[in-house]
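I have a structure here, written as structure tokens, and I will follow up with some questions on it.
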Amino acid sequence: MREPSSRSLPHMSDTTSSPATPTASADPTEQEITEQKAVRLAKRQRLLDEATDAAGGAYPVSVPVTHTIRQVREAYGHLAPDESAGVTVGVAGRVVHLRNTGKLCFASLQSGDGTRIQAMVSLAAVGEEDLAAWKDLVDLGDHLFVSGEVAASRRGELSIMVAEWRIASKAIQPLPNLHNELSEETRVRSRYLDLIAREQARRNVVTRSTAVASLRATFAERGFLEVETPMLQVMHGGASARPFVTHSNAFDTDLYLRIAPELYLKRAVVGGIDRVFEINRNFRNEGADSTHSPEFAMLEAYESYGDYSSIADLTQTLIQEAAKAVSGSHVVTWADGTEYDLGGEWDRISMFESLSQAAGVEITPQTPIEELAALAEREGVEVPHPIHGKYVEELWEHFVKGGLERPTFVMDFPVDTSPLVREHRSIAGVVEKWDLYIRGFELATGYSELVDPVIQRERFVEQAKLAARGDVEAMRLDEEFLRALEFGMPPTGGMGMGIDRLLMALTGLGIRETILFPLVK
RNA sequence: GGGCCUCUAGCUCAGUCGGUAGAGCAGCGGACUUUUAAUCCGUAGGUCGUGGGUUCGAGCCCCACGGGGCCCA
């Protein structure tokens, strides 16, 4: 039990002259402190001054917790008003409400999962000095340990009748007002406050963790090994994107933050890691908005002796299992209340066929580029790097993409925009690649991987020419990767999926809600 | 990159025509033994994002910069 205070209750004249008040700090960079913080610092100092052992003070090493708040609620939530359980428990939680009727004080304690329980401190139970200390020292936001009998209050609220209490961790900053919504900016910049204040914020963390655990479980069931490949790379590759550049002092060389793990995972496949995946961060030095973050979590998986069809099957399973883990069924409910069905066999459509159908004109890999350019011109579609395949992809997005409601694999892309993919086994001019669209946005992409080192080299050379012409997203020629391929890579199906986007598809949230700590300036 | 909106107390927000800066919650002092955002009395708290400008006078008008948001490309 803590020692009650022998000092008088604080007055502002006391606290402003207190040695604990850091306005006296010699550090010139010290922020000017607010009145509320000064008051709390003074309380902290009083707690420290009175501490008799490691279990006292403002920051005890430990407190004798016997139950979580949830356990107490589950075991005794049935108590009738004024009924006592006849059981003594010790619980801890953050003070989120304080009420005081004079000789009886109430506090609502909240645990990290959001469950709450009421603590009741009465004059009769703790005595005059201790009640005064409670009123003096306990603030909203403090972590508090209370021990006492479990009972329901007269109004039926499950409570701890406090026999002993102590501060478990003193809060120096006042908690934000929990009755108003936090502003969007505070939510993102101070996520810890968002987590304290908002049930949905806590749920989002659980949902993401559940979804990622489900992905790993699905992979494990199918014999995939998880690996980690370099994030700092001498040469970035595996995707078309602008990289972040950094510098290694030890090697005295510039390094790139990876834009994709692909070229390393394929090296692993060459080495015989036949089923391999990685869930990790990629970095792309591009714009940030409600659907793009400069750093984002990415899943890539490679299945040797598979192809783009088998890896599509796998992708569908991964997502459906994740949906089931998160919401109990293949039908997920989004934050805005709409339901989205991820169940069943997903549609697989051809890019060229669906484009031809939507545009009302036959478009094939053999359609002259002049015709594509004219069509784009008529439709007002701008094509940044006017090669054949880019026209087709931009036109497809223009004509078809927005109309996709159900989960859909869009199959067979132009060859000249997919330099790491092998050509279709029977259709000329396209590659065995699909994009998965869910509610109109791209969630994943899959391939029959290009394993012929000679053709791969040719494709890289073409990319290098694009780079030389100023395409900052074009790929560099990776000699080490080509050498690995030359030792022989088995036929392989590969897949990449944005984890943040998966969460968006499962929950309907914005990307800043799916990422716990989004990058902010 | 372009357009529009926004930045005021710890938090969430008002602030009229350019004329001494407001509320709720939280804080501080007091009352109250069953409250649930308790209630009641009293009280303190501001570099109005930053820097310029216009004006007798700027939270408000003008310019630049910074943060955030929305829409468009």
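Just so you know, these numbers use all the heavy atoms, side chains as well, and skip hydrogens, waters and symmetry mates. Below, read A as the first sequence line, B as the second, and so on, with proteins coming before strands; counting in each chain starts at 1.
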For B/C4, the Watson-Crick or wobble counterpart (both distances under 3.5 Å):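 Base partner found: B/G69.
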Nucleotide B/C32, atom P - distance to CH2 of A/Trp134 in whole Å: 19 Å
A/Lys43 side chain near B/C28 phosphate (N/O to OP1/OP2, under 4.0 Å): yes
Among B/U34, B/U12, B/G67, the one nearest A/Thr186 by side-chain distance: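 Output: B/U12.
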OP1 or OP2 of B/G24 under 4.0 Å from side-chain N/O of A/His179: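 No, because none of the side-chain N or O atoms of A/His179 sits under 4.0 Å from OP1 or OP2 of B/G24.
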Sugar-phosphate, base or nothing in reach of A/Asp82, heavy atoms under 4.0 Å: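 Touches nothing.
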A/Arg189 side-chain N/O to B/G68 phosphate OP1/OP2 under 4.0 Å: yes
Electrostatic pair A/Arg46:A/Asp49 at N-O distance under 4.0 angstrom: no
Rounded distance (Å) that lies between atom P of B/G49 and atom CD of A/Glu185: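 The answer, rounded to whole Å, is 13 Å.
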Nearest-Å distance once atom P is located in both B/A44 and B/A38: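 These two P atoms come out 24 Å apart once rounded.
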Set of residues satisfying side chain to side chain donor-acceptor pair (under 3.5 Å) with respect to A/Asn100, sequence neighbours excluded: none
OP1 or OP2 of B/G69 under 4.0 Å from side-chain N/O of A/Arg512: yes
Nearest-nucleotide 5' precedence on RNA chain B, A/Val520 against A/Met161: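 Whichever sits nearer the 5' end wins; that is A/Met161.
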Separation of B/A26 P from A/Arg99 CZ (nearest whole Å):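 Distance, rounded to whole Å: 11 Å.
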Non-hydrogen side-chain atoms of A/Asp139 and A/Lys170 separated by less than 4.5 Å: yes
Separation of the P atoms in B/U54 and B/G27, to the nearest angstrom: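 It comes out at 46 Å once rounded to the nearest Å.
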Residues that A/Met298 engages under side chain to side chain contact (heavy atoms under 4.5 Å, CB included), provided they are two or more places apart: A/Asn282, A/Phe296, A/Glu300
Nucleotide opposite B/U39 in a Watson-Crick or G-U pair, distances under 3.5 Å: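 In the structure as shown, B/U39 has B/A31 as its Watson-Crick or wobble partner.
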B/C61 - base-pair partner by Watson-Crick or wobble geometry, distances under 3.5 Å: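 The base-pairing partner of B/C61, which may sit in any strand shown, is B/G53.
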Closest to the A/Leu182 side chain, choosing from B/U34, B/C32, B/C11: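 Shortest atom-to-atom distance from the side chain points to B/C11.
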A/Tyr437 and A/Trp396 aromatic ring geometry - parallel, tilted or perpendicular at 30°/60° bounds: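 Rings of A/Trp396 and A/Tyr437: tilted, as their planes differ by 30° to 60°.
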Set of residues satisfying side chain to side chain contact (heavy atoms under 4.5 Å, CB included) with respect to A/Val332, sequence neighbours excluded: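 Counting only residues at least two positions away or on another chain, A/Val332 forms a side chain to side chain contact (heavy atoms under 4.5 Å, CB included) with A/Ala323, A/Ser327, A/Trp334, A/Tyr340, A/Leu342, A/Leu506.
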Nucleotide of B/U33, B/G27, B/C11 approaching A/Asn180 most closely (side-chain heavy atoms):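 Among B/U33, B/G27, B/C11, the one nearest the side chain of A/Asn180 is B/C11.
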Residue pair A/Gln110 / A/Arg94, side-chain donor-acceptor N/O under 3.5 Å: no
Rounded distance in Å - CD (A/Glu35) to C1' (B/U43): 10 Å
Where do N or O atoms of nucleotides 8-10 of chain B meet protein N or O atoms at under 3.5 Å, pair by pair?
| residue | atom | partner | partner atom | Å |
| --- | --- | --- | --- | --- |
| B/G10 | N9 | A/Gln36 | NE2 | 3.4 |

Phosphate contact (B/U12 OP1 or OP2) by A/Ser183 side-chain N/O below 4.0 Å: yes
B/A37 versus B/A26 - spacing of their P atoms, nearest Å: 11 Å
Strand contacts (RNA chain B) in residues 392-404 of chain A, 4.0 angstrom heavy-atom criterion: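 RNA chain B contact set from residues 392-404 of chain A: none.
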Pairing of A/Lys401 and A/Glu442 as salt bridge, 4.0 angstrom limit: no
Note, A/Val410 side chain near A/Val400 side chain (heavy atom, < 4.5 Å):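 They are not in side-chain contact.
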Strand partner of B/G10, provided both Watson-Crick or wobble distances fall under 3.5 Å: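 Paired with B/G10, as far as the under-3.5 Å criterion goes, is B/C25.
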Residue pair A/Thr115 / A/Ser111, side-chain donor-acceptor N/O under 3.5 Å: yes
Cationic N near anionic O, under 4.0 Å, A/Lys390 to A/Glu393: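 Answer for the salt bridge query: no.
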B/U16 versus B/C60 - spacing of their C1' atoms, nearest Å: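 That atom pair is separated by 10 Å.
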Nucleotide nearest A/Leu140 (side chain, heavy atoms from C-beta), chosen from B/A26, B/U33, B/G68: B/A26
Given RNA chain B, 5'-ward residue of the pair A/Ser159 and A/Asp139, judged by closest heavy atom: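 Upstream on the strand: A/Asp139.
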Interatomic distance, A/Asn100 CG vs B/C25 C1' [rounded to whole Å]: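 Interatomic distance, CG of A/Asn100 to C1' of B/C25: 17 Å.
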Nearest-angstrom distance from the residue atom CD of A/Glu184 to P of B/C13: 11 Å
Touch class at under 4.0 angstrom, heavy-atom based, for A/Leu98 against every strand present: sugar-phosphate
B/C25: syn or anti, per glycosidic angle within 90° of 0: anti
Rounded C1' spacing from B/G57 to B/G19 in Å: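 Here B/G57 and B/G19 have their C1' atoms 7 Å from each other.
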P atoms of B/G46 and B/G30, separation to the nearest Å: 23 Å
d(CD, A/Glu157; C1', B/A38) in whole Å: 13 Å
Listed nucleotide nearest any side-chain atom of A/Val39, set B/G69, B/A37, B/G27: B/G27
Pairwise P distance, B/U55 and B/G42 [rounded to whole Å]: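 Those two atoms are separated by 45 Å.
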Listed partners of A/Lys433 passing side chain to side chain donor-acceptor pair (under 3.5 Å), at least two apart: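 Result, side chain to side chain donor-acceptor pair (under 3.5 Å) vs A/Lys433: none returned.
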Pairwise P distance, B/U47 and B/U8 [rounded to whole Å]: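 It works out to 12 Å between them.
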Base-pairing assignment for B/C48 (Watson-Crick or G-U wobble, both under 3.5 Å): none
Lys/Arg N to Asp/Glu carboxylate O, A/Arg191 vs A/Glu513, below 4.0 Å: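 Result for this pair is yes, salt bridge flagged.
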Atom-to-atom span, NZ of A/Lys521 to C1' of B/G68 - whole angstrom: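 About 11 Å, once rounded to whole Å.
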